[in-house]
Amino acid sequence: MGTPRTFDTIAIIFNPNSTGDAPALAEQLKASLSGLLPYAADIRLQPTSHAGHAVQLAREAAATGHVLVVSVSGDGGYNEVVNGLMQAGNPDAVCAVLAAGNANDHSRSTGTGPLEHAIAGGDVRHIDLLRITTGQPGDAPDEYAHSYIGFGLTPIMAIGLEQGSKGALKETVSVVRTFAKFKPFEILPDGGKRRKFDSLVLANIAQMAKYATLSDADSKLADGKFEVVVFPHKSKLRVLLTALRAATKGLGDQPSVSSYGFITLKPIPYQIDGEVRSLDADTQVTVHSAPAALATLG
């Protein structure tokens, strides 16, 4: 263990209009840190006002100095903060997440204890990120994922949930309806032949969607690689059986790579840390591991 890290500034970013308890959790974290920190720090509450605002706030907060940026959010909000931190390019900036909201796969998979105590202890570690490039170099800025990038069934289910109503029963109905209409997708992997998948997930964590265990990668958050979890196209019954296995036993060991590339053949959606994006046809997609790119704690 190295010298405990201290921070001049701690920026706590949250959505004040969150349907969850983010505002209250942000206030509680600030109050806890005020009593726990063994040194003086400027602790700031920074509410967001629109989608994407957390990227800007994190980039500005992390620009200079010994700073900690905390996202009080789910996976999507934390994705914005991570990308803002990476854009800042400050080697003395650290990032952390306090789980709030429905989707907290990253916190669930990587958390080591109460965040306020981890911050006071200053035990910073580095973990890998996923870096996705779409199109030719320079076409669009690279984007980072802290947990996973999913194609096929994963984003389709997410879209179905967004279009459906909230509540466990209504969400289940939305998933069933979406799954019934789901169709596989085809891609052209780099150096290979066309392949048809029901799902393709490039994962930096072992679990997603609360219960599904994708791989045995719990101890591999900083190995410079990520897991490639593929569901080749099969009947819907076999897809359901594979999903059931993921939720009960887990899918076991999965191939690990440092990069994965392909060309889209038709427009397809994809999901990055819970947020849905889309790709045009004939787009080159390359995902690289960004080894030890994120300094974090908690």
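Hydrophobic clustering (side-chain heavy atoms under 4.5 Å, transitive across Ile, Leu, Val, Met, Phe, Trp, Tyr) groups Val124 together with Leu115. Cluster annotation: Ile263 and Tyr270 are assigned to distinct hydrophobic clusters (Ile/Leu/Val/Met/Phe/Trp/Tyr, side-chain heavy-atom contacts under 4.5 Å, transitive). Under a hydrophobic-cluster definition in which Ile, Leu, Val, Met, Phe, Trp and Tyr are linked whenever side-chain heavy atoms come within less than 4.5 Å, directly or via other members, Leu188 and Ile132 are assigned to different clusters. Cluster membership for Leu37 and Leu25, using ILVMFWY side-chain heavy atoms within less than 4.5 angstrom, is shared. In the hydrophobic cluster analysis, where Ile, Leu, Val, Met, Phe, Trp and Tyr join through side-chain heavy atoms closer than 4.5 angstrom, Val230 is grouped together with Ile149.
Inter-residue side-chain proximity for Phe7 and Tyr39 is flagged as met; some heavy-atom pair is nearer than 4.5 Å. At least one side-chain heavy atom of Leu29 sits less than 4.5 Å from a side-chain heavy atom of Glu116. Between Leu200 and Val228 there is a side-chain heavy-atom pair separated by less than 4.5 Å. Residues Gln136 and Gln284 meet the side-chain proximity criterion, which asks for heavy atoms closer than 4.5 Å. Side-chain atoms of Leu297 and Asp123, non-hydrogen and from C-beta on, never get closer than 4.5 Å to each other. Taking the side chain as every heavy atom from C-beta outward, Ile187 and Phe185 approach each other to under 4.5 Å. With a 4.5 Å cut-off on side-chain heavy atoms, Asn204 and His146 do not count as touching.
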Go through it in stages, so that I can follow the logic: the residues are Gln271 and Tyr148, the test is side chain to side chain contact (heavy atoms under 4.5 Å, CB included), and I'd like the CA-CA distance, side-chain angles, deciding distance and then a yes or no. CA-CA 8 Å; Gln271 195 176 33; Tyr148 66 88; 3.7 Å; yes

Carefully, step by step, assess Val257 and Phe226 under the rule side chain to side chain contact (heavy atoms under 4.5 Å, CB included). CA-CA 6 Å; Val257 300; Phe226 55 87; 3.6 Å; yes

Side chain to side chain contact (heavy atoms under 4.5 Å, CB included) for Arg131 and Met86? Distances and angles first, verdict last. CA-CA 11 Å; Arg131 176 169 58 87; Met86 295 304 294; over 6 Å; no

Audit row: Ser73, Asn15, side chain to side chain contact (heavy atoms under 4.5 Å, CB included) steps and yes/no: CA-CA 8 Å; Ser73 67; Asn15 180 359; over 6 Å; no

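Ala26 approaches Phe14 most closely through the heavy-atom pair CB-CD2, 3.7 Å. Of all heavy-atom pairs between Leu45 and Pro47, the closest is O-CD, 3.5 Å. In terms of heavy atoms, Thr296 sits closest to Cys95 at OG1-O, 2.8 Å. In this structure, Asp128 and Ala292 approach most closely via the heavy-atom pair OD1-N, 2.7 Å. Of all the heavy atoms in Val72 and Ala22, the pair that sits closest is CG1-O, 3.6 Å.
With rounding to the nearest 0.5 Å, the separation of CG in Asp282 from CG in Leu265 is 7.0 Å.
The ring-ring contact (aromatic ring centres under 6.0 Å, His included) test applied to His117 returns no partner, not counting sequence neighbours.
The closest side-chain donor-acceptor pair between Asp75 and Asn79, if any, does not fall under 3.5 angstrom.
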